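Here is the structure we will look at.
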Amino acid sequence: MPTITLNHITKIEGHAKLTLGIEENKVTVCQLGATEGARYFEGIVVGRRYNEANELTSRICGICSCAHVIAAITAIENAIGFTPSEQTIKLRELLTLAERIRSHATHLYFLALPDYLGYESAIAMAPKYKKELQRALNMMKVGNHMIKTLAARDLHPVSAAVGGWLKLPSQDDMDAMGKALDGIKKDAEDTCKLFFSLKYPDFQTEGLFFSLKSEKEYAMLSGNFCSGDRCHAREQYMNHIAEFHQEYSNANYATEDGKRFLVGAIARLNNNSKFLSPNAQKMLKLSKIRLPSQNPFHNTHAQAVELVHSIDHALEICKTLKIKDEKIPQIPIKAGRGVGAIEVPRGTLWHEYVVDEHGVITKANIITPTAQNLYNAQEDIRCFIPGIVHKTKEQIILDVEKLIRSYDPCFSCSAHFLEVEWV
Amino acid sequence: MLRTFLRSGMGMKALYVFGNEHLQEDAMARKVAELLRGKVNIVHCRSPDDLLEADESVITILDVVKGAEKVMVITDVSRLKTGNMMSLHDFDLGFFLNLMQQLGQGKTIKIIGIPAEGNPERIAKEVERWL
């Protein structure tokens, strides 16, 4: 076997890099790091009023802006001791589901699928796979439309607020969203069939699969942080999730009680599959994967199954929720600490705030899914390489890219993610 | 959908406007659009996904073209420079329009490209000729 060096590095849209060294089939260096500059959001919100955190932190990401809004609101309400109405919670669920539909459809078809079909990009695929890409656009359109309807914007939503909603959807809006969701049910089922038909590398991660887990639903805004029966109360998350730095990365890495772990759709499926909608259960049976799966490549399967579930769940809310004219109440402020944890497209998102008696934020902590996955993804690459080292350099690169992309990281990798030097 | 209904109901051609009013080099389309208000239905777009809701057979877009010295009309979207689709953040206008054209959705794309700098009134008059 030749000695090879997969040496540095290219940036993933300027935000991440991978340095790999391989000698005699052994990985000598494996460093997956984010090179994006620190963004200081946790510092920016300190000194601001409690009801500003959601709008400020939504700017962390244009893809997951709804997620940050809901996580921030949940954490702040937890800190000041406010309990939202049932309607408010249902509409927050609906917004979170809409973002998940949009994000999963985009990731599956425009990032993952070209890898598996051997194309450079979705545009290159388009002449042969029009029907499939149109399916993705159909689902994205519905997700976008729902977010605009609920939150007044498709990016960086403004209607969701601490205490409730600044503007409520009408019953007609709910009906229109339900009708639109009905129209993409088949698209989601066909997505499952397509992604189940692809061939995935056989690989088992040593990481634990963590997600929120509830005793009553496919957890999204509720539940504790669990891997199987190993559970942590959400308020205690910092007693278990430890963040640490590496000199080659500007992003933090994380462990759970000293062990590596991952979050995301496959973790949710492993922990909560019994609460999937009947249609999603049916789809899961068509899949060849058996749960709990230890294969991170199955995150793609899981996202496809979640598309079906998310549409069903959103449809149920649209059909059953009767909109009442609720105003945001006057909220008495009290000092406190609050944690918000929600399941967003890429995994569990944490927001934590400490608010003083004047309603001013004095401390903030945010941990994104990608930060939680980074260490496990790096160690997965280290374990994955020996099994593929016999392949050509192009195949090795593609397989490593697929592995990274299966995590659906927010700094996803490019078509030419790795520059390879063979020595 | 509501927005689409309003656009049709207003009986005016829609003009999809891209740009960022906070960036000097990307603000011209928004300034020009304001001068065209009442003549066309201005739809400010925050992301290319906004075009998913466009139901016109000819989608007319107003945007700044880097390096352009005069108003130009682009109908061949393959001329647009697109980067690799690396992450969901790269789902940009060029990628999206190319994809729409590849998918052959039966829509014609007309991009009215304007310079980043110049007199907005003069540019607006030129744009109006192409609407």
Side-chain angles (χ1 to χ4, degrees), chain A residues 10-16 61-64 102-103 106-107 109-111 114 120-134 136-138 140-145 147-149 153-156 170 172-173 176-177 179-180 345-346 405 408-417, chain B residues 1-9 14 16-23 26 30 41-56 59 76-107 109:
Chain A
T10 7
K11 291 175 180 176
I12 309 168
E13 59 167 333
H15 303 320
C61 181
I63 310 299
C64 295
R102 178 175 71 180
S103 179
T106 314
H107 173 253
Y109 282 94
F110 295 107
L111 293 173
E120 178 79 6
S121 73
I123 290 177
M125 273 171 54
K128 193 171 171 191
Y129 291 96
K130 281 183 186 177
K131 188 177 63 182
E132 288 77 7
L133 293 175
Q134 188 58 55
L137 293 180
N138 294 345
M140 289 162 61
K141 180 177 176 176
V142 171
N144 261 357
H145 169 67
I147 294 169
K148 273 185 200 166
T149 302
R153 287 177 176 177
D154 57 344
L155 300 175
H156 309 303
S170 66
D172 284 348
D173 287 334
M177 286 189 283
K179 199 174 166 189
R346 286 157 195 81
R405 234 192 293 265
D408 188 8
C410 206
F411 57 81
S412 207
C413 46
S414 75
H416 299 288
F417 174 48
Chain B
M1 285 182 189
L2 176 63
R3 210 182 53 175
T4 305
F5 171 72
L6 286 175
R7 277 204 303 272
S8 310
Y16 294 87
V17 181
F18 285 81
N20 184 339
E21 67 269 38
H22 301 298
L23 291 176
D26 198 22
R30 291 204 166 221
N41 181 28
I42 305 295
V43 182
H44 287 299
C45 298
R46 294 169 53 81
S47 80
D49 309 25
D50 286 329
L51 297 177
L52 284 170
E53 295 193 38
D55 57 359
E56 298 85 359
I59 299 174
D76 177 8
V77 297
S78 65
R79 286 175 60 199
L80 299 177
K81 195 175 172 183
T82 56
N84 278 335
M85 181 71 177
M86 303 170 183
S87 83
L88 297 189
H89 293 283
D90 300 312
F91 206 72
D92 64 10
L93 184 60
F95 180 91
F96 192 80
L97 293 177
N98 268 294
L99 187 67
M100 282 176 82
Q101 191 163 76
Q102 288 280 352
L103 293 180
Q105 295 183 324
K107 293 179 194 292
I109 309 285

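Since we're looking at a predicted model, the values are computed, not measured.
- Distance check: B/L99 CG to A/Q134 CD gives 8.5 Å after rounding to the nearest 0.5 Å.
- Scanning all heavy atoms of the two residues, the minimum distance from A/A126 to B/L103 falls at CB-CD2, 4.3 Å.
- Counting only distance, with no hydrogens or angles, the side chain of B/R46 and the backbone of A/L155 share a donor-acceptor pair below 3.5 Å.
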